[in-house]
Amino acid sequence: LISWNILMSAFAKHGLVDEASEVFSQMPVCDQVSWNSLLSAFAQNGRLPEAKQAFHEKMPAWDSISWTIMLYAYAASGNVEEAKVLFDKMPLKSLISTNLLLSVYAQAGYDEQARKFLDESAAEHSLASLTMVLSAYALNSQLRDAQDLFERMPEKDTVAWTSILSAHATSGQMHRAKRLFDAMPELDLVAWTVMLEMHAQNSDPEGVLDLSRQMLIHGILPDNTAFTCMLFGCSHGGDVAAGRSSFHSMAIDFHLEGGRRDYGCMIDLLGRAGHLEDAIDLVETMPYPAR
RNA sequence: UUACGGGUGUCGAA
């Protein structure tokens with residue numbers, strides 16, 4: 001029985017819904033996990049009608065996992081309202097289902113609902129749940145609300161700090177962002193990257209280079225994303241030489257293969273600066289199909 | 001064996 005269940009979810013993960021339900025129909029016996037796996041197969045692959053049917057008409061019994069999977073089915077197909085309705089009907093709400101609904105709100109930019117929901121549910125929220133709402137505010141440029149929530153959070157980790165940092169950075173609050181950055185208890189690569197990007201956006205190639213040096217001094221090694229920001233900064237500042245040297249250093253010093261976005265950025269930089277032959281050359285030699 | 005999972009990236013893509 002267990003192996004059948006495993007087989008089913010393996011199919012489901014790879015989008016083979018029909019194979020999964022085929023397995024299901026051939027099983028001599030099945031249990032709650034089998035039903036849940038079938039439901040999940042539909043849910044994961046955007047088959048809302050089938051999921052509904054299985055959930056409402058076919059399943060002999062439901063546990064809290066079944067409910068959560070159904071919630072996910074609504075969420076995955078963008079039915080925010082229906083997701084909420086289902087959530088309210090859930091006999092047992094777990095941290096997972098709560099997080100799920102929160103992330104739905106967050107992703108849809110329903111920061112109002114997210115906040116209300118957060119206030120209503122008496123349960124303790126995980127740090128991750130709160131950060132999800134925080135980033136929902138950031139998405140909606142609700143800087144004040146984001147700030148309020150951040151200050152009220154009982155504990156904050158680097159992810160939460162970076163989220164609020166990024167909220168400030170993207171809304172042009174450079175000074176506040178800088179202050180936050182300096183106040184952060186820990187700095188990791190993502191936090192540095194946010195700062196790199198902020199300076200890049202504001203056409204401050206000096207700042208970008210300066211930051212990247214400091215980052216190295218702090219023992220943080222850049223990744224492709226960081227390089228994209230650095231290249232972007234060079235691009236804004238029209239600093240072809242610096243861009244070229246970063247690009248080479250990426251491969252030589254850091255053994256990173258240029259990501260497709262790094263190439264895109266570099267090509268953009270060369271193109272804008274009028275080095276068309278070099279740009280074309282790079283397009284032809286890059287390990288990605290040109291589009 | 002089944003369910004959610006938080007922070008950063010150029011240009012494009014109405």
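Proteins get letters first, then strands, A, B, ... in listed order; numbering begins at 1 in each.
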- prompt: Could a donor-acceptor pair under 3.5 angstrom be found where the side chain of A:Asn99 meets the base of B:rG6?
  reply: no
Where at least one partner belongs to residues 138-159 of chain A, residue pairs that pass ring pair (Phe, Tyr, Trp, His ring centres under 6.0 Å), sequence neighbours excluded: A:Phe150-A:Trp161
Nucleotide nearest A:Leu100 (side chain, heavy atoms from C-beta), chosen from B:rC4, B:rG7, B:rU10: B:rC4
- request: For the residue pair A:Tyr137 and A:Arg144, confirm or rule out a side-chain donor-acceptor distance under 3.5 Å.
  value: no
query: Rounded to whole angstroms, how far apart are CZ on A:Phe42 and C1' on B:rU2?
result: 14 Å
Side-chain donor-acceptor contact under 3.5 Å, A:Ser163 with A:Ser166: no
field: Residue A:Ile6, side-chain heavy atoms: nucleotide from B:rC4, B:rU1, B:rG6 that is nearest
entry: B:rU1
query: Over how many whole Å does the gap from A:Phe24 atom CZ to B:rU1 atom C1' extend?
result: 14 Å
- request: Round to a whole Å and report the spacing from CG of A:Asp188 to C1' of B:rG7.
  value: 8 Å
field: Rounded distance (Å) that lies between atom P of B:rG7 and atom CG of A:Leu130
entry: 14 Å
Table of protein N/O atoms under 3.5 Å from nucleotides 11-14 of chain B N/O atoms:
none

query: Looking across every strand, which nucleic acid part, if any, lies under 4.0 Å from A:Val33 by heavy atom: base, sugar-phosphate, or nothing?
result: base
- prompt: Just by modelled atom types, is the A:Ala12 backbone N or O under 3.5 Å from a matching donor or acceptor in the A:Asn45 side chain?
  reply: yes
message: Whole angstroms only, please: what is the CE-C1' distance between A:Met198 and B:rG7?
response: 16 Å
- prompt: Pairs in or reaching into residues 69-90 of chain A: which pass ring pair (Phe, Tyr, Trp, His ring centres under 6.0 Å), with residues at least two apart or in two chains?
  reply: A:Phe87-A:Phe117
- prompt: Which of these nucleotides, B:rA3, B:rU2, B:rG9, is closest to any side-chain atom of A:Asn224?
  reply: B:rG9
task: Mind checking A:Thr228 for me? I need base, sugar-phosphate or nothing, with any heavy atom below 4.0 Å counting as a touch.
output: base
task: Any side-chain hydrogen bond (donor to acceptor under 3.5 Å, both in side chains) involving residues 148-158 of chain A? Give me the pairs, sequence neighbours left out, ordered by first then second residue.
output: A:Gln147-A:Glu151
Proximal nucleotide (of B:rG7, B:rC4, B:rU8) relative to the A:Glu197 side chain: B:rU8
field: Pair A:Gln32-A:Ser66, side-chain donor/acceptor within less than 3.5 Å
entry: yes
message: Rounded to whole Å, how long is the line connecting atom CE of A:Met132 with atom C1' of B:rC4?
response: 7 Å
- request: Would you please classify the geometry between the A:Tyr105 ring and the A:Tyr110 ring as parallel, tilted or perpendicular, with 30° and 60° separating the classes?
  value: parallel
Rounded distance (Å) that lies between atom C1' of B:rG6 and atom CG of A:Leu149: 12 Å
message: Other residues, nucleotides and ligands only: do more than 12 of their heavy atoms fall within 6.0 Å of CD on A:Glu112?
response: no
Given B:rG9, B:rG6, B:rU1, the nucleotide with the shortest approach to the side chain of A:Asn5: B:rU1
message: Could you tell me how far apart A:Asn202 (CG) and B:rU8 (P) are, to the nearest whole angstrom?
response: 17 Å
query: Got a sec? Which of residues 59-84 of chain A come in under 4.0 Å of RNA chain B, heavy atoms?
result: A:Ile65, A:Thr68, A:Ile69, A:Tyr72
task: Output the single nucleotide from B:rU2, B:rG9, B:rC4 whose closest atom is nearest the side chain of A:Ser37.
output: B:rU2
- prompt: Does any donor atom in the side chain of A:Ser97 or A:Ser94 lie under 3.5 Å from an acceptor atom in the other side chain?
  reply: yes
message: Please list, in numerical order, the residues of residues 156-166 of chain A that have a heavy atom closer than 4.0 Å to any atom of RNA chain B.
response: A:Asp157, A:Thr158, A:Val159, A:Ala160, A:Thr162, A:Ser163, A:Ser166
message: Using a strict threshold of under 4.0 Å (side-chain N to carboxylate O), is an ion pair present between A:Arg47 and A:Asp18?
response: yes
- request: Please check if the side chain of A:Asp188 supplies one atom and the backbone of A:Val190 the other of a donor-acceptor pair under 3.5 Å.
  value: yes
